[in-house]
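Everything on this sheet refers to the single structure shown next.
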Amino acid sequence: MEPGGSPPIKKRRFFKDGGAAGLVPVNDRYLPENADLVARKFIVKSESENQPSSPDRESEHRSPASSVKHETPISSPNMEDGKFVAGERGVDEHDVIEEEEDRAQSFASEESIVPDVSSGPESELTNSSGFDRELIASLTGSELTDNEYEILDSLSNGDMNSAVNAVFDGTLAKELSRVRGQRVSSAVRFGNDKASADKDDKSSAVKEKETVLDDKRSKPKHSRNWSKRYIGSFQVEGWATRSGKGLISYGETITLKRIARQVTTLGSGSKRFGSTAKAAENDTMVKFTNEKGMEIGRLPTDKARFVSAMMDMKVCDFSASYIFANEKLALGDAIYLQIDCFLLRDAFDVNIEEQTIRPGFHFSAFNRGQEGPQERLLRARQLALIRLFMDCGLKPVQTNDLITAHQARGKLEAEAMAEQFDVKIGSATPPDSEAEVGSSDDDDNNKAIEQDQLDTLYRKAQTYDTEMPEVEPSDTFNMELRPYQKQGLGWMKSMETLDAADFGRQIESMHPLWEEYRWSVYGDETPAEKPDDRFYVNPYSGELSLEFPKMDQKNLGGILADEMGLGKTISTMALIHSNPSTEADRQTKTPDHLRTFAANTTLIIAPMSLLTQWESEAHAASKPGSVRIIVYYGGDRSIDLRNLCLGPDAWKTPVIIITSYGTLSAEWQRFEKGLGNSQLYRLRYLRVVLDEAHTIRNRASLISRSCCEVKADRRWALSGTPIVNRLEDLYALVKFLGIEPWSHFTFWRTFVTTPYESKDYLKALDVVQTILEPILLRRTKSMKQKDGTPLVTLPPKNVYIENIELTETEREVYDLFYRRAKQTFTNSLAAGTVMKSYTTIFAQVLRLRQSCDHPSLVQSAVRPEEVEDDSDDASAKSQPKQIGGLLDSEDDVSLQQLIGKFNAQEQEMNAKDVYGLEVMQQILEEQDRECPICLAEPIVNPVVTSCWHMSCCDCIISHIKFEKNRGQVPRCHSCQAEISEDQLFEVVTHSPPPSSTNAAAQKPEIALRRYKPQSSAKIASLMAKLKAIRAEEPNCKSVVFSQFTSFLDIIEHSLQRERFEYLRLDGSTQQKDRGKILEKFKNEPREMVLLLSLKTGGVGLNLVSANKAFMMDPWWSFAVESQAIDRIHRMGQTQSVTVYRFIVKDSVEERMLKIQDRKKFLASTLGMMTDEQKKAKTIEDIKLLFD
Amino acid sequence: MSLPKRIIKETERLVSDPVPGITAVPHEENMRYFDVTVDGPSQSPYEGGVFKLELFLPEEYPMVAPKVRFLTKIYHPNIDKLGRICLDVLKTNWSPALQIRTILLSVQALLGAPNPDDPLANDVAQRWKEDERAAIATAKEWTQTYAAPSETEA
């Protein structure tokens, strides 16, 4: 064993590295004559010709320590390995025999070829690389890519022999992986050049297989380093493929050999060889041969599967010894073997993680829960390892407590997966791998998370503790924090603080994903002779390591997932102000890191549309001059960030750099290619904050990767919706935050994706919850603070009661209905039949209420065929005929006449057509002046007299009434000409749509309309209010509620008249249209009125874009109205809300208000009353109405 | 009872944009009641005099005219001993479009143009018709006697 532990850079040991010296004597004894010759030839050549160049080459990429070792005499094997040689010998000898036997045939002729080529004319079949590619292909038995040839060329300087040697001794493979490694580490890891990555991978797969073969040929290799170490043994019951007697004898060494299809068709089949992972999965047969090299039997499939995988992937070497079998073997007889397992040194060199995160490989659909072929291979390796360890009975010496529980589960998981694996293999025809990965996974893996699951998840993850301590922000923070925001700040600060215990622990603590294993003692070794070293396995990725896998530094930061509107931005600003870097931040850094550490800078990455908002918020939140804020975006990237952030002038240092996702990923692409200006990546920030962090949810996207690559001590993700539609979304955040161990996709996959995909939602969600709980803070608006008050208080709401004076005619109608209703009620009260005539009474009260809105609403009472739609009272609806019949005919006539007045069709005339332009001009000008009567400015509802004098409508009407009342002839206020009500004209100005820009269209259009005094008082009042609002708050949106859709019809008509834009939603609105209507109302930037029936619109809707509500008629219980008002006055409302309740003076409506007051106290008991009780209650209410 | 917007507006304007020769100041306890002074128009028998009037805005104002009365004794055919004024715009020709300002201007104009044909003070009117010069002299005399700007007011 190498003293002083494992070298920092692991290296492979190959044939030429002294392997020759160790090998020759061994082989001398066993190899057949001709094979020996071949072997010797190669050895000699490799020593004589390759040796001189090798130290130089190796020193390029090996640590000095190992190159020093390399210079020690090749002929003297490392004594520490000496012990191993004994153990290995048995295996290797047989291996070699087997190999040589095979090769003896195929290489029989090569013996003569080799010298020929090395001396012969190279020009014959050569190309630019300087030697014959085909020859190399036939010699090495594998086709190499152009790329490999080039490398080969440069390695061997065009010399054929050294080239062939380079292929066999692994120098080529090493060089390849080095080149690839360079590319990876020089950050082409995520390069767009998929094709080349693809090719690389394919060729490396070829290489991989090749080296398996090569290694077998060149074994045993002895070096100063060990090449493999024993980990354990297991017994296996193989089955005989040959019958006969005395095929094996006890103690005879058995050789395990892969029978891969590819191996049998060596030369020509090599193209197929490295193609698909799937093929490799199905190809698991392992045969074993006796000392004579005769195949005796095969391993059972369950063992063969992982044994073959381990062999193919060059993770493990196996040696077998015969234990027992029938002396006379029959086909299929059991042969008991003991198999000893040796981990290969080379297996520790593979950097799994780098391969795992190479997306875009092979197919474009690589994302989210899907795994690429590469990942599939790795998973196969992981599974095989786990099975191997299980079978060997290997137990970890040390695991991380943190996830012991998970691990137990994880192992089971692996088994489950392995079983799945079995099923797949069992299925007769393996589907084409790419098709399978591409299509079927699409359906299964990409299943979106259901909303209710999401709710559960959030609910679980919402661990908002009202007792959380509040932390005051620093003095430089210029805003007032709400209590819950102070709690948030406290949490965020604590998430950024590495407490002492953590600090101490992380130094000696093992990475939670890893397990520590002790090497087993093999054969006659005594434990004392072996240094007590260990090796480490990551059972989730299948990674092996000789170095102690240290736990990564505890990650600082987390996810702030407060609901929209709770002030994530403000909380972040408070954090930036209140938690600057400390000395500890510097102390924990390597000098390298310190050089790029922008200790005062927070990088904020936000969607482009929010950059300005962030900037202004950042300024608003900071005391003037306290922080420097830079927006790094678009063309404005000329600043030298590095100089600013690291420069000596502290005051210049930007505390906040705001950039967009787009800018970041653009810089990342440049940085990756090593091009141009990529300033953002040259720094290590104190803190990085992702706003709307769900932007990065696709882990394979450029944006996602760009963000993960930003170097910062403290990492924060802000998002109101950390999971948009699938659990994988969260992975990207976890990855960004670097939450161990979850940021390893293999781990995430095992615990989250796989259970979720296999419909074990509870388990997956449970795990996600455990992940989220410590790193996520989410408060919702519905949460209450300590004192029971909501987290967010709404803007004020003012409710005004508009007292409506009925017009004379309205009053007549109302009084008529009132008398009648009261009559009915008192009569039935006297007769004691109140309960019986309940419906009748109730219906009459309904008429009464309707007549307060507009007299034409009660038409149905007179002409019963018109049924009103949304009366909220089914009983009234079903009875119209009966009620109609209750009216005596004489009344009907007068009533019809009265109501008829309200139905007269209104006509508009365009003033321009009827009158001269001068008149129009005059009207236009006068309109802007003050009313000569009330001095109001401008005139409210302008009206012109027949002598063309203008005033407010109300002014002139009251003037006319006044004069009439005192028996005078009304005269014009201006010219004393006689005037009358029916000779008045309303001036209707239709403002052109604001969108039109040409000047001509800007001129308002004027129309005159004969004044119609018979409008309902409520409508008149509503219109006046709406117009007043239009004047005061130009783009204000209003919602008008009424219980009666027939009243909404009338309002609709009035709105049309006044050219108000409006939308309407009532019980008859189709469900599919509702969404559209609400969407339109929400998105309309200008003035808009929404007509809503109280019943339909009262519940659930969110109408916060409006801030004015009109309640056209009262309901028996205020709770219902209040519900409706809450549509507007709810979370998200930013403006103060004004509510107008229209109540007709001296009417049932006024009394209903009193009933409402009474009901407020009874509301809670209402639910428990029977129908009869309710009726009685209502009768009581009605009694109040007629008092 | 709250004051209608119109009255407030008129009062404000009387202060901010006063009519030359006329003042109108509302009483603090009753904003509908104004103390008014009108200067006698030049080239009239009332020149040099400052006449005090009271003006009251009735509840119906502006549907009805304000009530205006001279407090200062004045010798004028259209103004009686009690200071009542015979002016068409205060009676039949009132229009809600008229204002305190216009009414007072009319009153001032009335001083400059007495109309003995539509008398209120019949004796004065008769005298005016029979001997206009003497009547004017009396008017001047009265003005000096009763309407001379007082020391305190000056």
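From a predicted model like this one, the values you see are computed outputs, not experimental measurements. The figures here come from the full heavy-atom set of this structure, side chains too, leaving out hydrogens, waters and symmetry mates.
Of the two parts of A/Gln968, neither the backbone nor the side chain holds a non-hydrogen atom closer than 4.5 Å to a non-hydrogen atom of chain B. Residue B/Glu10 touches chain A through both its backbone and its side chain, counting heavy-atom pairs closer than 4.5 Å. There is no contact between A/Cys931 and chain B, counting heavy-atom distances below 4.5 Å. Looking at A/Ser958, both its backbone and its side chain come within 4.5 Å of chain B, counting heavy atoms on both sides. The contact between A/Arg966 and chain B is made entirely by side chain atoms (from C-beta outward), counting heavy-atom distances below 4.5 Å.
Crowding of A/Lys961 atom NZ: a count of heavy atoms from other residues, nucleotides or ligands under 6.0 Å not exceeding 12. Within a 6.0 Å radius of CZ in B/Arg101, other residues, nucleotides and ligands contribute more than 12 heavy atoms. The neighbour count for B/Phe56 CZ, taken as heavy atoms of other residues, nucleotides or ligands under 6.0 Å away, is above 12.
Counting only heavy atoms from C-beta outward, the side chains of B/Ser95 and A/Gln976 approach each other to under 4.5 Å. Side-chain atoms of B/Leu98 and A/His973, non-hydrogen and from C-beta on, never get closer than 4.5 Å to each other.
Of residues 113-142 of chain B, no residue lies under 4.5 Å from chain A by any heavy-atom pair.
Note on B/Arg13 versus A/Glu930: salt bridge recorded, some NZ/NE/NH1/NH2 to OD/OE distance being below 4.0 Å.
Atom CE of B/Met63 and atom CG of A/Asn965 lie 11.5 Å apart (nearest 0.5 Å).
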